[in-house]
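Inspection log for the structure reproduced underneath, given as structure tokens.
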Amino acid sequence: MPELPEVETIRRQLCEAGVEGRIIEKAHIEWPRTVEPLTPVAFRKAVQGRTLEKIDRHGKWLIFQLSGNEKLLVHLRMTGGFSFSPGSHDRAILHLSGGLILYFKDPRKFGRWRLAASLDGLGPDALTVTKKDFFQALEGKDKVLKALLLDQSFVAGVGNIYADEALFEARLDPRRCSGTLSEDEISKLWKAVRKVIEAGVRNGGTSLGDGQGNYVDLNGEAGGHREKVKVYGRAGQPCVVCGQPLHKTQIAQRTTVFCTHCQK
DNA sequence: GAAGACCTGCTA
DNA sequence: TAGCAGGTCTTC
């Protein structure tokens, strides 16, 4: 479900709702694997009584800074999300001071909560990555562009929707290898990643179709980015630039849509 | 690389 | 009923 813009939208809404500064009075884990490798009992003991001091994000990870210099790291994977009201897919529940209850809903049960001192193995955040850091992250990498953008150790936060959108924006063929890019093309790709991710955040994230994994924010609102998507989910429909039907294929085991005429 | 695993529920 | 989904990890 969520890529960086959806996670960032959720983060901002949690902050606006005043989650920061509250104490975790009780934690209930409904689906034990959510907190693996800890058991629900161990997890509960570890977080109860701690304060949720600050909510940060890096790539697709939400980072709840806890008192005691520990972090609760949350990855929503495909269908995770938060709500302040109960539902039928609640996998973990935090009772916060002041009577606020935070429900973690995750129909497909892929989402993960981890306790750790740090988050590692991730490249620079896609929302803020500088041109210099983008070039540096690319050094020594020779990968098919679609796979490169999905690689969280390269740049963190890009998923299947925004990878296809960024490659269209940069007019680059997703099958190209990064080693063949000119400096100008790398620069275009950097600009494109920043542009599509920023647009996604501005619009409150993307939601597509009406499926159960469909992204909705904490207020149950669908992301406004849906209409802005130019290639993802538009296979067979006309390219917004040249009018040719968009091509669908599989790259790196992921459905990929692009324009064979515009993207070189 | 590619395929399977982890999961549920919607669409064709 | 088969196929598909915004993600990542493990195992050929």
Side-chain angles (χ1 to χ4, degrees), chain A residues 1-11 30-37 57-62 73-82 87-92 104-114 116 119-123 126-127 141-167 174-179 193 196-197 199-201 203-217 221-236 248-257:
Chain A
M1 179 229 283
E3 300 180 34
L4 188 158
E6 294 74 41
V7 179
E8 177 62 16
T9 300
I10 288 167
R11 188 193 71 79
E30 304 286 337
W31 180 252
R33 298 198 68 177
T34 301
V35 297
E36 272 186 353
R57 180 196 55 73
H58 190 92
K60 300 170 193 173
W61 286 89
L62 278 169
L73 306 172
V74 175
H75 199 300
L76 308 173
R77 294 284 183 96
M78 295 286 267
T79 59
F82 285 97
S88 48
H89 302 294
D90 298 332
R91 310 305 183 194
F104 178 65
K105 35 202 60 202
D106 186 19
R108 287 176 71 180
K109 302 175 175 172
F110 289 163
R112 290 294 179 264
W113 288 23
R114 293 276 143 74
L119 185 58
D120 36 48
L122 295 180
L127 181 60
K141 296 237 180 196
D142 189 16
K143 265 184 125 164
V144 168
L145 291 181
K146 175 64 182 269
L148 179 77
L149 289 179
L150 294 177
D151 179 355
Q152 303 297 297
S153 72
F154 167 58
V155 160
V158 178
N160 210 29
I161 298 176
Y162 295 94
D164 280 11
E165 294 303 311
L167 288 164
R175 301 166 296 187
R176 278 273 295 279
C177 276
S178 54
V193 167
V196 300
I197 293 287
V201 170
N203 294 309
T206 303
S207 65
L208 297 159
D210 299 305
Q212 44 85 32
N214 210 21
Y215 167 77
V216 290
D217 65 18
E221 304 279 332
H225 198 60
R226 180 179 185 165
E227 307 77 24
K228 319 273 182 181
V229 169
K230 293 182 177 142
V231 288
Y232 182 90
R234 295 194 62 243
K248 176 160 105 169
T249 187
Q250 290 279 126
I251 304 175
Q253 284 83 250
R254 306 300 297 279
T255 295
T256 301
V257 180

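Just so it is clear: chains get the letters A, B, ... in the order the sequence lines come, proteins before strands, and each one is counted from 1. Note that this is a predicted model, so its numbers are computed, not measured. Any value given below was found using the heavy atoms of this structure, including those in side chains, with hydrogens, waters and symmetry copies removed.
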Between C:dA5, C:dG7, C:dT8, which nucleotide has the shortest distance from any of its atoms to the side chain of A:Q152?
C:dT8
Distance check: side-chain N/O of A:H89 vs OP1/OP2 of B:dC7, anything under 4.0 Å?
no
DNA chain B in dot-bracket, Watson-Crick or G-U pairs under 3.5 Å, [ ] crossing, | other strand?
||||||.|||||
What is the distance from CG of A:N160 to P of C:dG7, rounded to the nearest Å?
6 Å
With sequence neighbours excluded, what pairs up with A:R176 under the salt bridge (charged side-chain N to carboxylate O under 4.0 Å, His left out) test?
A:E185
Between C:dG7 (P) and A:L76 (CG): distance, integer Å
11 Å
Please measure how far the P atom in C:dG6 lies from the corresponding atom in B:dT11, and state the result in whole Å.
16 Å
Rounded to the Å, how far apart are A:F110 CZ and B:dA5 C1'?
8 Å
Is there a donor-acceptor pair closer than 3.5 Å between any side-chain N or O of A:E3 and the backbone N or O of A:K60?
no
Does C:dT8 have OP1 or OP2 under 4.0 Å away from a side-chain N or O of A:H75?
yes
Just jot down the salt bridge (charged side-chain N to carboxylate O under 4.0 Å, His left out) partners of A:K146, sequence neighbours excluded, or say none.
A:D164
Could you check whether any side-chain heavy atom of A:I197 comes within less than 4.5 Å of a side-chain heavy atom of A:P5, counting everything from C-beta outward?
yes
Backbone N/O of A:R57 and side chain of A:R11: donor-acceptor pair under 3.5 Å
no
Within this structure, what is the CG-to-P distance between A:D106 and B:dC6, rounded to whole angstrom?
16 Å
Counting heavy atoms from C-beta on, name the nucleotide in C:dA5, B:dA3, B:dC7 closest to the side chain of A:Q253.
B:dA3
Hey, is the side chain of A:K60 poking within less than 4.0 Å of OP1 or OP2 on C:dT8, counting only N and O atoms?
yes
Give a yes/no answer on whether the side chain of A:R108 brings an N or O atom under 4.0 Å of OP1 or OP2 in C:dG6.
no
With A:E30 via salt bridge (charged side-chain N to carboxylate O under 4.0 Å, His left out) - residues at least two apart:
none
Provide, to the nearest angstrom, the distance between the OH atom belonging to A:Y232 and the C1' atom belonging to C:dC4.
10 Å
Which whole-number value in Å describes the distance from A:W113 CH2 to C:dT8 C1'?
19 Å
Whole Å only: how far is the CE atom of A:M78 from the C1' atom of C:dC4?
9 Å
Between B:dA3 and C:dG3, how far is it from one P atom to the other, in whole Å?
15 Å
Can you check whether A:R91 has a side-chain N or O nearer than 4.0 Å to OP1 or OP2 of B:dC7?
no
Using nucleotides 9-12 of chain C, report all nitrogen or oxygen pairs with the protein that are shorter than 3.5 Å.
none

In terms of heavy-atom contacts, A:V158 and A:A126 come closest through CG2-CB, 3.9 Å
Pairing donors with acceptors under 3.5 angstrom, does anything connect the side chains of A:Q250 and A:T256?
no
Integer angstrom distance from the P of C:dC9 to that of B:dG9:
24 Å
Across all chains, not counting sequence neighbours, the salt bridge (charged side-chain N to carboxylate O under 4.0 Å, His left out) partners of A:R175 are A:D173
Over all strands shown, is A:R33 touching base, sugar-phosphate only, or nothing at heavy-atom distances under 4.0 angstrom?
sugar-phosphate
Once you round it to whole Å, what is the distance between P of C:dG6 and CG of A:L150?
10 Å
For the residue pair A:H75 and A:W61, does the interplanar ring angle fall in the parallel (under 30°), tilted (30 to 60°) or perpendicular (over 60°) class?
perpendicular
Can you tell me if the side-chain N/O atoms of A:T79 get under 4.0 Å from OP1 or OP2 in C:dG6?
no
